[in-house]
Amino acid sequence: MTDFAATKAMFSLPEGILYLDGNSLGPLPKSATSRVQEMLTDEWGQMLITGWNKAGWMGLPTGLGDRIGRLIGAEQGSVVTGDTLSIKVYQAVAAALELNPTRKVVLSDNGNFPSDLYMADGLLRSLGEEYELRVVDPEDVAAAITEEIAVLMLTEVDYRSGRMHDMKALTELAHANGVVTVWDLAHSAGAIPVDLAGCNADFAVGCTYKYLNGGPGAPAFIYVAPRLAETVRPALSGWLGHEAPFAFDLDYRPGNGIERMRVGTPPVIQMTALSAAMDIWDMAEMTDVRAKSIELTELFISRVEATCPELKLASPRTPELRGSQVSFRFEEGYAAMQALIARGVIGDFRAPDIMRFGFTPLYIDEGDVIKATEILTDVMQNKLWDTPEYKVRQRVT
Ligand SMILES: Cc1ncc(COP(=O)(O)O)c(C=O)c1O
């Protein structure tokens, strides 16, 4: 059993703050401060460029990939970290399209994160007019999977509502129609158990700054199924994905397996922070995390619905159908969220009217949920949101 009191003690959580936004940016693992400090002074400071070998910096992308892989059901050696998620989406979709060269349509849904759609659109434009990005409603995805589709690109857990796609069923249906799949796990990794190998997924991508707690700007990850890893051609053929980067050949030859999905120099400072965060994940089992997350979200929903009738649940009511977040609709949701943040309950807002709350058992417990709902009730029942200062939109919502 995961000891959640022990994991909670490993985070630096500011006094008086109830942090329900770990689905956007996880909090600081206490050990990250000293680990990054040591990396700066002992490794960069003392070793200078020899740190790439002596301190193992060059192995961080795959080493961290394997540690993340455990949480998402990936085979050893099938995940690598680096770049940002948008870049990894591009890489995955480009590689997936090349596996299906006679087909020209990428299928996605309008619950997908816009950056995924933008990246696919940009890629398809550069490939030619005959390519198409087809975007349907989430509930129509299954029916839209036909033999015309080259690639199915979906985010498993909807960033706004928390609604989950059935990865196994859709992957099976895709394969039955000759479609290659790309799954975005931004709201899945560290939130729900994922079984990439068991689902026979082809490609998956995700970020590490949300549930994995790697810090702002932490690197993304990409998974390529081992059965494809020696075949796929990287569209972003950077030198560190080359078979022999330090041969400095003028011609590109893809590296072994997942190594070919590396692009350029890894962000070592950021990866050091991520590795401190992964130490905490090493103490956790995803089945325990999921069970606790369902308890917390159920508690939150029942308490909010009992005292705040203006808030309308925007997440699936059935816990098995939602990720580790709960969203409520409220016309003045932006102002209400600002009022909550001013009172120490941090969630976030997604246009046009979604108040979003993330539940992260590694550092949030029942007591926190109860306190947060008491403050939310006060904000709603006493209309504490109804002041001009809470209605001024900031750059990041
Ligand atoms: C589902 C999803 N995909 C892609 C992105 C974009 O990620 P990045 O900014 O790291 O490129 C996000 C960011 O939150 C996301 O939630």
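When a ligand or atom number is given, it counts from 1 through the structure's own listing order. No hydrogens, no waters, no symmetry mates; every other heavy atom, side chains included, goes into these values. Throughout, numbering of the chain's residues begins at 1 and tracks the sequence.
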Based purely on interatomic distance, does L85 place a nitrogen or oxygen under 3.5 Å from a nitrogen or oxygen of ligand 1? yes
Distance from atom 16 (O) of ligand 1 to nearest protein heavy atom, with residue and atom: H187 NE2, 2.8 Å
Please report whether ligand 1 has a polar contact with S86, defined as an N or O pair separated by less than 3.5 Å (distance criterion only). yes
Report, in ascending order of atom number, the atoms of ligand 1 lying under 4.0 Å from any heavy atom of K210. 13 (C), 14 (O), 16 (O)
Heavy-atom gap K88 to ligand 1 smaller than 4.0 Å: no
Are W183 and S188 close enough that a side-chain donor and a side-chain acceptor fall under 3.5 Å? no
Please list, in number order, the atoms of ligand 1 under 4.0 Å from a heavy atom of T155. 1 (C)
With atoms numbered from 1 as shown, which atoms in ligand 1 lie under 4.0 angstrom from a non-hydrogen atom of A186? 1 (C), 2 (C), 15 (C), 16 (O)
I'd like to know if the side chain of S86 pairs up with that of S115 as donor and acceptor (distance under 3.5 Å, no hydrogens or angles considered). yes
Per-atom contacts of ligand 1 with T84, taking only distances under 4.0 Å to non-hydrogen atoms: 10 (O), 11 (O)
Residues, nucleotides or ligands: over 12 heavy atoms within 6.0 Å of E139 CD: yes
Any N or O of D116 that comes nearer than 3.5 Å to an N or O of ligand 1? yes
After noting the C-alpha distance and the side-chain angles of Y334 and W385, does the key distance pass the ring pair (Phe, Tyr, Trp, His ring centres under 6.0 Å) rule? CA-CA 9 Å; Y334 181 80; W385 50 266; over 10 Å; no
Is it the case that over 12 heavy atoms from other parts of the model lie below 6.0 angstrom from the NZ atom of K383? no
Honestly, for F113 the part within reach of ligand 1 (heavy atoms, under 4.0 Å) is side chain
For the residue pair F113 and Y159, categorise the inter-ring angle as parallel (less than 30°), tilted (30 to 60°) or perpendicular (more than 60°). perpendicular
If you count every heavy atom of other residues, nucleotides or ligands that lies below 6.0 Å from L48 atom CG, does the total exceed 12? yes
Which ligand 1 atoms, with their elements, are less than 4.0 angstrom from a heavy-atom of D184? 1 (C), 2 (C), 3 (N), 4 (C)
Report yes if some N/O of Y209 lies less than 3.5 Å from some N/O of ligand 1; otherwise report no. yes
Polar side chain donor-acceptor pair, S24 to R356, under 3.5 angstrom: yes
